[in-house]
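Notes to accompany the following structure.
Keep in mind that the numbers below use all heavy atoms, side chains included, and drop hydrogens, waters and symmetry copies. Labels below follow one simple rule: chain letters A, B, ... track the order of the sequence lines, proteins then strands, and each chain is numbered from 1. Only a predicted model underlies this, so the values are computations on that prediction, with no experimental measurement involved.
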Number of protein chains: 2
Amino acid sequence: MNRSDQNSFRALADPTRRDILRMLARDEMTIADVSSHFDMTRAAVKKHLTVLSDGGLITVEARGRERINRINPAGFAPVLSWLEFFDQFWDDRLSTLKTTIEKDKT
Amino acid sequence: MNRSDQNSFRALADPTRRDILRMLARDEMTIADVSSHFDMTRAAVKKHLTVLSDGGLITVEARGRERINRINPAGFAPVLSWLEFFDQFWDDRLSTLKTTIEKDKT
DNA sequence: TTTATATGAAACCATATGGTACTATGTCAA
DNA sequence: TTGACATAGTACCATATGGTTTCATATAAA
């Protein structure tokens, strides 16, 4: 089976990276921008951004001495596609699932 | 911020565990059943099942000396809910997931 | 040109992770 | 009861991961 989705799932496994994605969903940011939101070094944040980039969840564009990080919606496709596989088996239980999602929303 | 989704995201990060979930989507299985599909020891598979259980993605029921592992659709809610956050920014991209859920609601 | 800024990269560290082997316990079956 | 079977649990190992520090490089600004 194809394992091209491994990098995207791995990228989503870390809470810091998920937070970064939520930030980038609102606005593109430089590495320094992102770093300013976390209590860790810029080098650590840069590593996270590299993992996100490897997973295809963000794109990075060089602009002068800065690196513009942007979320990449298409990168989520492997994850969503994998999750959708289960729909064919959950016809019965899906209403429960849907209800749980609504309750879990913040 | 809420971090209750950490265990479920972590559970999905490993390819073996994702394969196990696909198997369990079709049928409940004992630990031995699951192990027979992988080239690794039963102990290793059991660890994966524990991680899946911690993440709420499966349930485990003791039946005699066996342990029946079943997929837990509700356990996917935190993941799907987290992904749906992005809908408000990507009217187009993530609509597939929403569509699938709505479709199966009937 | 000089200096400050933004990032890249490498070495290093502690802990987590995914695996093994071995032993123990509970349960089914003859 | 005895023996086989299914699982639990522990110790252990190699590598991955998430973090730091330090230094190098490219670009912007004075």
In terms of the nearest nucleotide of DNA chain D, which residue is placed more toward the 5' end: Gly64(A) or Arg42(A)? Arg42(A)

Check the phosphate of dA4(C) against Arg65(A), side-chain N and O only, distance under 4.0 Å to OP1 or OP2. Yes or no? no

Atom CG of Leu49(A) to atom C1' of dA6(C): distance rounded to whole Å? 13 Å

Spacing between Asp39(A) atom CG and dG18(D) atom P, to the nearest angstrom: 17 Å

Which of these nucleotides, dT7(D), dT7(C), dG18(C), is closest to any side-chain atom of Arg67(B)? dT7(D)

For the pair made of CG in Asp14(B) and P in dT17(C), what is the distance, rounded to whole Å? 11 Å

The side chain of Arg10(B) lies closest to which of these nucleotides: dT17(C), dT20(C), dT7(C)? dT17(C)

Spatial distance of atom CG (Leu49(A)) from atom CG (Asp54(A)) [nearest 0.5 Å]: 11.0 Å

Could you give the CD1-to-C1' distance, from Ile68(B) to dT27(C), as a whole number of Å? 14 Å

Report the distance from atom CE of Met29(A) to atom P of dA6(C), rounded to the nearest whole Å. 14 Å

Output the single nucleotide from dT5(C), dA11(C), dT20(C) whose closest atom is nearest the side chain of Lys47(B). dT20(C)

Reckon Ala43(A) touches a base, only the sugar-phosphate, or nothing at all at heavy-atom distances under 4.0 Å? base

If hydrophobic clusters are built by linking Ile, Leu, Val, Met, Phe, Trp and Tyr wherever their side-chain heavy atoms come under 4.5 Å apart, do Val51(B) and Leu57(B) end up in the same one? no

Considering only heavy side-chain atoms of Glu66(B), the closest of dT7(D), dT20(C), dG18(C) is dT7(D)

Heavy atoms under 4.0 Å, any strand shown: does Arg63(A) hit a base, just sugar-phosphate, or nothing? nothing

Of dG19(C), dT21(D), dT7(D), the nucleotide closest to the side chain of Thr41(A) is dT21(D)

Separation between CD1 (Ile71(B)) and CD (Glu28(B)), nearest 0.5 Å, reads 12.5 Å

Identify the two heavy atoms, one from Asn72(B) and one from Gly56(B), that lie closest to each other, and give their separation to 0.1 Å. ND2-O, 2.9 Å

Lys46(B) NZ to dA24(C) C1': how many Å, rounded? 14 Å

From CG of Leu52(A) across to C1' of dT17(D) the rounded distance in Å is 14 Å

With heavy atoms under 4.0 Å as the rule, sort Ala44(B) into base, sugar-phosphate or nothing. base

Separation of atom CD in Glu61(B) from atom P in dT27(C), rounded to whole Å: 14 Å

Using distance alone, with no hydrogens and no angle criterion, decide if Thr30(B) and Asp33(B) have a side-chain donor and acceptor under 3.5 Å apart. yes

Candidates dG18(C), dG18(D), dT7(C) - which lies nearest the side chain of Ile31(A): dT7(C)

